[in-house]
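One structure is given here, and the rest of the page talks about it.
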Amino acid sequence: MYTPPRTNSPAAFASLLNWLRRTRPFPYPREVAVSAMALFYLVGGVAMLLVLVFPHPSTLNDRLLIGLGVLLIVIGLPVYKLRHRTPLAVLPWLLAAGTAVITALTATGGSTSVTVSFSFFYLWVIIFALLFLNPLVAAVEIRFAAVAYLSVAVLPQEQSTHQLTAFEPIALFTVITTTGGVIMWLSQAREHSEIDPLTLVMNRPGQDRILQAALSGDDPTGKRLVAGLIDVDHFKSVNDRQGHAAGDRLLEELAGAWQRVLRSGDTLGRIGDDEFVVLLPGCSASEADGILERLRAAALDLQVTCSVGAALSENRDSASLLLGRADTALYQAKNLGRNRVAWAVAGTRSRVSATIPVESPSGPYT
């Protein structure tokens, strides 16, 4: 029986802390998150330099604007160029550095009007943190921005007596247009995403693309592609008895456990509620059998069982034919009692893996 992890902390605090640790933003690709950061840096730097071209408040520190504007551009350009290789762990530090720049500009604005205008840029910090960072890190970033702003807000400011200049509308226009553009861009990226937001493995479109690419290539070793369909046995019972939250946690833990078993070139994808597909390129049937058995054993470690249907690619195979044979083998595994691996040898014929399943865990889900 699957048992969700428990904690000894007080219930309310533990629930909040657990949510902050487990909840994740939508898993945008690395290049999307890094590109958004680079965009904020570049647009912010250009906006600072642009302010100096037009009439602006006399309280502004021109040298500081030029220095910080150039610095942001110098940082933003290589970040964008290296968007496919920049580690995601760098993003919180870049965001904190951006907060420091905004705070420095706000603190040296010299007037209430300038301070308020620069404070609009804190919205970028909040938006980026909520969109791309997990809630625990995002909470730290937002708290840092709030403390920074409040520390500046208490500083004595010169009351604005000048007429409205180009600075205020440029600041507001930059924040609004850039924020709107990023949100629209992310909306499109989300529609075309190939990542399952719950388990962080490939979704069906992503898995279909990888499968098509794998079938179109020839392995120099003569080994073929193995496709396996995995179905969590009695998964509906988990949802019915323990709730959908427990079911989601189980899928997350299963996906993580399975990925630790796979080789570096293998791919795991979620194509249904509790149905996964694993692609094993350049793999013989005997090698694949051992990998698939380890996947089944990993489910046992979480006190659930799974059934696996596997198929070896054949000459001129299509994705539908290969997955169709794996699906037939999956039904064979279920009909023979679940918690086992079944192979489709050719056409629609199937055989049960020679490996004898170990005893299933006790509980209502097996």
Side-chain angles (χ1 to χ4, degrees), residues 30-129 131-133 141-142 144-149 151-153 155 157-158 160 162 164-183 185:
R30 178 209 309 263
E31 59 270 21
V32 172
V34 177
S35 296
M37 176 63 74
L39 179 65
F40 286 149
Y41 266 74
L42 291 172
V43 172
V46 171
M48 290 180 196
L49 299 179
L50 189 62
V51 164
L52 299 177
V53 177
F54 297 96
H56 54 276
S58 58
T59 56
L60 284 177
N61 187 325
D62 291 359
R63 290 184 179 180
L64 182 64
L65 276 178
I66 294 174
L68 290 179
V70 171
L71 177 63
L72 291 179
I73 294 174
V74 169
I75 294 176
L77 285 175
V79 168
Y80 179 76
K81 187 175 182 180
L82 299 174
R83 61 190 181 279
H84 297 286
R85 291 182 289 173
T86 301
L88 293 177
V90 173
L91 294 181
W93 297 102
L94 287 173
L95 189 60
T99 300
V101 170
I102 297 170
T103 304
L105 292 170
T106 305
T108 58
S111 70
T112 303
S113 174
V114 173
T115 298
V116 171
S117 297
F118 274 132
S119 66
F120 291 147
F121 289 93
Y122 283 112
L123 291 175
W124 283 358
V125 176
I126 297 173
I127 290 171
F128 188 93
L131 285 174
F132 296 108
L133 305 180
E141 292 281 356
I142 293 173
F144 174 57
V147 171
Y149 173 71
S151 65
V152 171
L155 295 176
Q157 300 288 341
E158 175 185 320
S160 178
H162 67 274
L164 186 68
T165 65
F167 168 72
E168 289 83 357
I170 286 177
L172 185 59
F173 178 79
T174 300
V175 171
I176 293 176
T177 55
T178 305
T179 300
V182 167
I183 292 176
W185 173 42

Mind listing the closest non-hydrogen atom pair of Leu42 and Leu77 along with its distance?
CD2-N, 3.7 Å
Heavy-atom pair with the smallest gap, counting every atom of Ala171 and Ser117
CB-O, 4.0 Å
Residues Tyr122, Thr103; criterion side chain to side chain donor-acceptor pair (under 3.5 Å); working and verdict
CA-CA 9 Å; Tyr122 283 112; Thr103 304; 2.8 Å; yes
Test side-chain contact (heavy atoms from CB on, under 4.5 Å) on Thr174 and Leu50 and set out the steps.
CA-CA 11 Å; Thr174 300; Leu50 189 62; over 6 Å; no
Kindly compute the distance separating OG1 (Thr179) from CD1 (Ile176), expressed to the nearest 0.5 Å.
8.0 Å
When rounded to the nearest 0.5 angstrom, what is the spacing between CG in Leu71 and OH in Tyr41?
8.0 Å
With a 4.5 Å cut-off on side-chain heavy atoms, are Leu49 and Ile73 touching?
yes
If you count every heavy atom of other residues, nucleotides or ligands that lies below 6.0 Å from Phe120 atom CZ, does the total exceed 12?
yes
To the nearest 0.5 angstrom, please state how far the CZ atom of Phe132 sits from the CG atom of Leu88.
10.5 Å
Show the numbers, then the answer: is there a side-chain contact (heavy atoms from CB on, under 4.5 Å) between Leu95 and Phe40?
CA-CA 10 Å; Leu95 189 60; Phe40 286 149; 6.0 Å; no
Ile142 vs Val125 side-chain heavy atoms within contact, under 4.5 Å
no
What's the shortest heavy-atom distance between Thr99 and Ala145, and which atoms?
CG2-CA, 3.7 Å
I need the Arg30 CZ to His84 NE2 distance, nearest 0.5 Å.
10.0 Å
Between Ile102 and Trp124, does a side-chain contact (heavy atoms from CB on, under 4.5 Å) hold up when you go through it step by step?
CA-CA 10 Å; Ile102 297 170; Trp124 283 358; 5.5 Å; no
Locate the shortest heavy-atom distance separating Pro92 from Ala89; write the atom from each residue and the value.
CD-O, 3.3 Å
Can you tell me how far apart CD1 (Ile66) and CE (Met48) are? Round to the nearest 0.5 Å.
12.0 Å
Using side-chain heavy atoms (C-beta onward) and a distance below 4.5 Å, is Leu65 in contact with Leu105?
yes
Closest approach of Ser119 to Tyr149 (non-hydrogen atoms, all atoms of both residues):
CB-CE1, 3.5 Å
Say you draw a straight line from CG of Leu68 to CG of Asn61; how long is it, rounded to the nearest 0.5 Å?
9.0 Å
For Ile127 and Val182, run side-chain contact (heavy atoms from CB on, under 4.5 Å): C-alpha distance rounded to whole Å, both residues' side-chain angles, the deciding distance at 0.1 Å, then the answer.
CA-CA 10 Å; Ile127 290 171; Val182 167; 5.6 Å; no
Glu141 and Ala129: which non-hydrogen atoms are nearest, and at how many Å?
CB-CB, 4.3 Å
